[in-house]
There are 2 protein chains.
Amino acid sequence: MKVDNISVTPLRRVDVARATGCNLETIRYYETVGIMPDPPRSAKGYRCYDDAHVRRLKFVMRSRDLGFSLEEIRGLLGLVDDRTQTCAQVQTVAESHLQDVQEKIADLKRIEHVLSETVARCTGDAAPECAVIDALLEK
Amino acid sequence: MKVDNISVTPLRRVDVARATGCNLETIRYYETVGIMPDPPRSAKGYRCYDDAHVRRLKFVMRSRDLGFSLEEIRGLLGLVDDRTQTCAQVQTVAESHLQDVQEKIADLKRIEHVLSETVARCTGDAAPECAVIDALLEK
DNA sequence: CCTTGAGCCTGTACTTCCTACAGACCGTAG
DNA sequence: CTACGGTCTGTAGGAAGTACAGGCTCAAGG
């Protein structure tokens, strides 16, 4: 189907999955929990997605990947959806999210430090003594 | 109950919980999934723990804290239980996990950069235009 | 035109890692 | 003796998906 110059063939669920790398079923799941909007349906009830859906889903996936909960993502998406909010309100929410991220980085760095240190102490021998195990047992 | 010089009063579940900071129910859960061994029981069926249980549970909690899955911990515990295994095997598990952690840190730093930059570009006005929202929509 | 295969629909069950309760029982201190 | 805190089992719920079953639809190839 063509309108003038651009194609308006709607995207199917599998197209969205391929475009984003998201699991097919997860797309439906996000719909049921309100993270993704209910898409328009074809005459036969098929979901019809467009590029906006794909962009939104990519955003959700990146955020999940970085450890945001669906609840937090809902908050972030709220900023996008409700454009009547003031810039100041948005700034406040974004700043608090920034703080979360920075805390997460700090936590992970602590973990990284412990892990890399103990791994480095490993002899790698066939010996039954192991720095990693000792560290985990003693701490 | 005393034997010579040391107390052998068995630890109850709540004692183990307090000694480790682990949730009461989680202790039982770890038993059912085979992470913790079935402890000996009293005449009336009460679980009787000792210091070895506490140490093992601390190991598990610390590992969880460092982001190891229960499956990975099962592997690590297997190596602890069977000390005939090589140190190299432990090293392999820990190294692969370390890599995961480092990747996560890199991802978070990327998002931190973007977030802090866009927050800084915010005017803080009561305007409906906002650098943060624009960034979220375009990424 | 018919068949085939890929994709769609819904609903529900399973997964991981817990956490919380319900209902019944026990053990000790006051 | 009774109250309180602890134990037992089994089961339910929650977060964030993942997988499958049974049935429908659509487009392409023969």
Side-chain angles (χ1 to χ4, degrees), chain A residues 1-2 7-36 38-50 53-54 56-77 100 104, chain B residues 1 7 9-36 38-50 53 56-77 97 100 104:
Chain A
M1 191 198 286
K2 279 266 187 184
S7 166
V8 291
T9 304
L11 301 169
R12 299 162 303 165
R13 216 162 92 225
V14 79
D15 298 324
V16 174
R18 277 169 194 157
T20 58
C22 187
N23 181 295
L24 202 62
E25 300 296 316
T26 304
I27 298 172
R28 194 159 61 94
Y29 170 72
Y30 283 160
E31 192 182 314
T32 70
V33 299
I35 286 283
M36 293 293 289
D38 295 13
R41 300 291 184 114
S42 74
K44 290 288 177 184
Y46 283 29
R47 289 170 180 81
C48 301
Y49 296 101
D50 60 25
H53 286 97
V54 172
R56 191 187 181 95
L57 182 53
K58 276 184 178 166
F59 174 80
V60 171
M61 291 179 69
R62 243 198 340 278
S63 304
R64 283 296 296 132
D65 220 45
L66 296 174
F68 287 98
S69 69
L70 287 189
E71 209 41 55
E72 287 173 312
I73 294 170
R74 233 185 288 273
L76 285 171
L77 287 171
D100 288 352
K104 249 166 206 151
Chain B
M1 190 199 286
S7 165
T9 304
L11 302 168
R12 298 163 304 167
R13 216 162 92 225
V14 78
D15 298 324
V16 174
R18 278 169 194 159
T20 58
C22 186
N23 180 294
L24 203 62
E25 301 295 315
T26 304
I27 297 171
R28 192 158 63 95
Y29 171 72
Y30 283 160
E31 192 183 312
T32 70
V33 300
I35 286 283
M36 292 294 286
D38 295 12
R41 299 294 184 112
S42 74
K44 290 288 180 186
Y46 284 28
R47 288 170 181 82
C48 301
Y49 296 101
D50 60 25
H53 285 96
R56 191 187 182 94
L57 182 52
K58 277 184 178 167
F59 174 96
V60 172
M61 291 179 71
R62 186 164 175 73
S63 304
R64 286 293 295 132
D65 225 45
L66 293 177
F68 288 99
S69 71
L70 286 190
E71 207 41 54
E72 286 171 313
I73 293 170
R74 231 186 290 274
L76 287 172
L77 285 171
H97 186 65
D100 290 352
K104 241 165 204 142

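Every chain is numbered from 1, with letters handed out A, B, ... down the list of sequences. On a predicted model such as this, the values are computed, not experimentally measured, just so you know.
As a whole-Å value, the separation of Tyr49(A) OH from dG7(C) C1' is 13 Å. Taking atom CZ on Arg64(A) and atom C1' on dG17(D), their separation rounds to 9 Å, with Å as the unit. Counting to the nearest Å, the C1' atom of dG27(C) and the CG atom of Asp15(B) are 14 Å from each other. Regarding Arg13(B), its CZ atom lies at a distance of 17 Å from the P atom of dC26(C), rounded to whole Å. One atom, CD of Glu31(B), and another, C1' of dT7(D), lie 13 Å apart when rounded to the nearest Å. Rounded to whole angstrom, the span from the OH atom of Tyr30(A) across to the P atom of dA15(D) amounts to 14 Å. Between the P atom of dA16(D) and the CE atom of Met61(A) lies a distance of 15 Å, rounded to the nearest Å. When the P atom of dG5(D) is taken as reference, atom CG of Leu24(B) falls 15 Å away, rounded to whole Å.
Atom CD1 of Ile27(B) is separated from atom CZ of Arg12(B) by 11.5 Å, given to the nearest 0.5 angstrom. Once rounded to the nearest 0.5 Å, the distance linking CD1 of Ile35(B) with CG of Leu70(B) reads 5.0 Å. If you take NE2 on His53(A) and CD on Glu31(A), they are separated by 8.0 Å, rounding to the nearest 0.5 Å. Put simply, CZ on Arg56(B) and OH on Tyr30(B) are 12.5 Å apart, with the number rounded to the nearest 0.5 Å.
When the side-chain nitrogen and oxygen atoms of Arg47(B) are compared with OP1 and OP2 of dT9(D), one or more of them lie within a distance under 4.0 Å. Phosphate proximity of dT10(C) to Arg41(A): present, with a side-chain N or O under 4.0 Å from OP1 or OP2.
For Val14(B), the side-chain atoms get nearest to dG6(D) when compared with the rest of dG6(D), dG7(C), dG17(D).
The shortest non-hydrogen separation linking Cys22(A) to Met61(A) is CB-SD, 3.4 Å. Of all heavy-atom pairs spanning Arg41(A) and Cys48(A), the tightest one is C-SG, 4.1 Å.
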Under 3.5 Å between N/O atoms: give me all the protein pairs with nucleotides 19-22 of chain C, atom names plus distance.
unit_1	atom_1	unit_2	atom_2	d
dT19(C)	OP2	Thr26(B)	OG1	2.5
dA20(C)	OP2	Asn23(B)	ND2	3.3
dC21(C)	N4	Glu25(B)	OE1	3.2

Nucleotide N/O to protein N/O under 3.5 Å, stretch nucleotides 25-28 of chain D:
unit_1	atom_1	unit_2	atom_2	d
dT25(D)	O4'	Tyr46(A)	OH	3.0

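Checked for salt-bridge contact, Glu25(A) and Arg13(A) meet the test: a charged N lies under 4.0 Å from a carboxylate O.
Note on Arg18(B): only backbone sugar-phosphate atoms sit closer than 4.0 angstrom, heavy atoms only; bases stay farther off.
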For this session: Could you please spell out the steps behind the side-chain contact (heavy atoms from CB on, under 4.5 Å) verdict for Phe59(A) and Leu77(A)?
Result: CA-CA 9 Å; Phe59(A) 174 80; Leu77(A) 287 171; 3.8 Å; yes

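Checking side-chain atoms of Asp15(B) against main-chain N and O of Arg18(B) turns up no donor-acceptor pair under 3.5 Å.
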